[in-house]
Novice: 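Would you mind keeping the following structure in view while I ask a few things?
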Amino acid sequence: MTFGEQPAYLRVASDLREKIADGSLPPHTRLPSQARIREEYGVSDTVALEARKVLMAEGLVEGRSGSGTYVKERPVPRPIARSGYRPAAGASPFRQEQAAEGAQGTWDARSAQESATPEVAGRLGIQPGEKVMCTRYVYRDAGEPMMVATSWEPLAVTGRTPVMLPEEGPLAGCGVVERMAAIDVVVDNVVEDVGARPGLAEEILTLGGVPGHVVMVVGRTYYASGRAVETADVVVPADRYHLSYHLPVR
């Protein structure tokens, strides 16, 4: 194979992908059989099979037991808004941001004390094993799960205060900035790192999809005078949503 030349199975997958993209193979159409691919492209059964596997891994086609492989309906990605801090009494940042995009955002949450793992401890600047309040969220748009998140707050900051439980008490659901302000902790900075990876089994089970589907992960950390007071992972299915940042210019 010369430099830059694609393997045969990728060339076949690329051509089929283009046909899906331009509508030659519309949604719900049966993908050409392995024998048809072999004949049309002059390739082996192994190459034809590998090309189909590529399209399946990309989420473009799906197998139906006893029927064949079909082109999937591709959802139009919708925005999940991310923005700078906007104070609004009684409104969570999630509700503010999604309301701006016309979404009907709701969520479920459960909290429990845990010992910080080395990774979480590193993000919070504490020692592994120190106690944190871990809160797991499922966010929904009009009832449909749209993202999941896990947050960790060091109990050295919030322990034995009215805001120890993020979703209980007088400031339940008001967001990290407002809750920390209530205990005289002034959040002055937030860092978000955005990456992508295959979804974990429990994430895919909650969000819907096929194991291995790609998710975007926003690793967010709030700081007060250089001290991390909350860190979280926000997980979004990459085939259904995109992140839309609205950032103030100062």
Novice: State, to 0.1 Å, how close Asp239 and Pro77 come at their nearest heavy-atom pair, and which atoms those are.
Specialist: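 For Asp239 and Pro77, the tightest heavy-atom pair comes out as O-CG, 4.1 Å.
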Novice: Quick one: CG on Leu16 to CZ on Arg11, what's the gap to the nearest 0.5 Å?
Specialist: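 These two atoms lie 13.0 Å from each other.
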Novice: Within the structure provided, determine whether Val132 and Ile126 are in side-chain contact (heavy-atom separation under 4.5 Å).
Specialist: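 A side-chain contact exists here, since the closest heavy-atom pair is under 4.5 Å.
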Novice: Check for a donor-acceptor pair, side chain of Thr231 on one end and backbone N or O of Arg220 on the other, with a separation under 3.5 Å.
Specialist: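 Checked: pair present.
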Novice: Please tell me if the side chains of Glu58 and Leu55 come closer than 4.5 Å, counting only heavy atoms from C-beta onward.
Specialist: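 Heavy-atom side-chain distance check passes, below 4.5 Å.
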Novice: Flag the pair Asp15 / Tyr41 as yes when at least one side-chain heavy-atom distance between them is below 4.5 Å, and no otherwise.
Specialist: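 Yes, side chains in contact.
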Novice: Which atom names give the shortest non-hydrogen contact between Ile37 and Pro32, and what distance separates them?
Specialist: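 In this case the closest contact between Ile37 and Pro32 is CD1-O, 3.5 Å.
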Novice: How close do Ala232 and Arg123 get, heavy atom to heavy atom, and via which atoms?
Specialist: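 That closest heavy-atom pairing would be O-NH2, 2.9 Å.
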Novice: Say whether Val191 and Val229 are linked into one hydrophobic cluster, either directly or through other cluster members, by side-chain heavy-atom distances under 4.5 angstrom.
Specialist: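 No, separate clusters.
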Novice: Looking at every non-hydrogen atom in both residues, tell me the closest pair between Val163 and Ala182 and how far apart they are.
Specialist: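 Here Val163 and Ala182 meet closest at CG1-CB, 4.4 Å.
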Novice: About how many Å separate OG1 of Thr106 and CE of Met146, when rounded to the nearest 0.5 Å?
Specialist: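 One finds 9.5 Å between CE of Met146 and OG1 of Thr106.
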Novice: Report whether Val185 and Val177 are members of the same hydrophobic cluster (ILVMFWY, side-chain heavy atoms less than 4.5 Å apart, transitive linking).
Specialist: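 Result: yes, single cluster for both.
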Novice: State which residues pass side chain to side chain donor-acceptor pair (under 3.5 Å) with Arg136; sequence neighbours excluded, sorted by chain then number.
Specialist: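 Here the qualifying residues are Glu114.
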Novice: Name the atoms and distances for all side-chain donor-acceptor pairs under 3.5 Å in residues 61-72, with sequence neighbours left out.
Specialist:
unit_1: Ser67; atom_1: OG; unit_2: Tyr70; atom_2: OH; d: 2.7
unit_1: Thr69; atom_1: OG1; unit_2: Arg52; atom_2: NH2; d: 3.0

Novice: Is it the case that one hydrophobic cluster holds both Ile183 and Val186, taking links as side-chain heavy atoms less than 4.5 Å apart, direct or via other members?
Specialist: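 No, separate clusters.
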Novice: Pairs of donor and acceptor atoms involving the side chains of residues 148-155, under 3.5 Å and at least two apart or interchain, shall be tabulated with distances.
Specialist:
unit_1: Glu153; atom_1: OE1; unit_2: Arg179; atom_2: NH2; d: 2.8
unit_1: Glu153; atom_1: OE2; unit_2: Arg179; atom_2: NH1; d: 2.8
unit_1: Glu153; atom_1: OE2; unit_2: Arg179; atom_2: NH2; d: 3.4

Novice: Name all residues meeting the side chain to side chain contact (heavy atoms under 4.5 Å, CB included) criterion together with Ser225; count only those two or more places apart in sequence or in a different chain, and write none if there are none.
Specialist: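 For Ser225, the residues satisfying side chain to side chain contact (heavy atoms under 4.5 Å, CB included) (neighbours in sequence not counted) are Asp188.
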Novice: Please list all pairs meeting salt bridge (Lys or Arg N to Asp or Glu O under 4.0 Å) that have one or both residues in residues 32-47, counting only residues at least two apart or in different chains.
Specialist: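 Every salt bridge (Lys or Arg N to Asp or Glu O under 4.0 Å) pair that includes a residue of residues 32-47, provided the two are not neighbours, is Lys19-Glu40, Arg36-Glu40, Arg38-Asp45.
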Novice: Is there a side-chain contact between Leu31 and Met56 (heavy atoms, below 4.5 Å)?
Specialist: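 Side-chain contact under 4.5 Å: no.
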Novice: Could you check if a side-chain atom of Glu192 sits within less than 4.5 angstrom of a side-chain atom of Val234, using non-hydrogen atoms only?
Specialist: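 In short, these two side chains do not touch, never coming nearer than 4.5 Å.
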Novice: Under 4.0 Å between a Lys/Arg side-chain N and an Asp/Glu carboxylate O for Asp141 and Arg240?
Specialist: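 Arg240 and Asp141: not salt-bridged.
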Novice: What is the distance from atom CD of Glu203 to atom CE of Met147, rounded to the nearest 0.5 Å?
Specialist: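 So the CD of Glu203 and the CE of Met147 are separated by 13.5 Å.
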Novice: Going hydrophobic residue to hydrophobic residue with side-chain gaps under 4.5 angstrom, can you get from Met216 over to Leu207?
Specialist: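 No, separate clusters.
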Novice: First locate atom OG of Ser115, then atom NZ of Lys131, and finally report the distance between them rounded to the nearest 0.5 Å.
Specialist: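 One gets 3.0 Å once the value is rounded to the nearest 0.5 Å.
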Novice: As an exercise, state the distance from CG of Leu124 to CD of Glu230, rounded to the nearest 0.5 Å.
Specialist: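 So the gap between those two atoms works out to 8.5 Å.
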Novice: In residues 164-174, what donor-acceptor pairs under 3.5 Å come from side-chain atoms, sequence neighbours left out?
Specialist:
unit_1: Glu167; atom_1: OE1; unit_2: Trp107; atom_2: NE1; d: 3.1
unit_1: Glu167; atom_1: OE2; unit_2: Tyr137; atom_2: OH; d: 3.3

Novice: Is there a path of hydrophobic side-chain contacts, each under 4.5 Å between heavy atoms, that joins Val194 and Tyr223?
Specialist: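 No, Val194 does not connect to Tyr223 through the hydrophobic network.
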Novice: How many angstroms lie between CD in Glu202 and CG in Leu200, if you round to the nearest 0.5 Å?
Specialist: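 So the gap between those two atoms works out to 5.0 Å.
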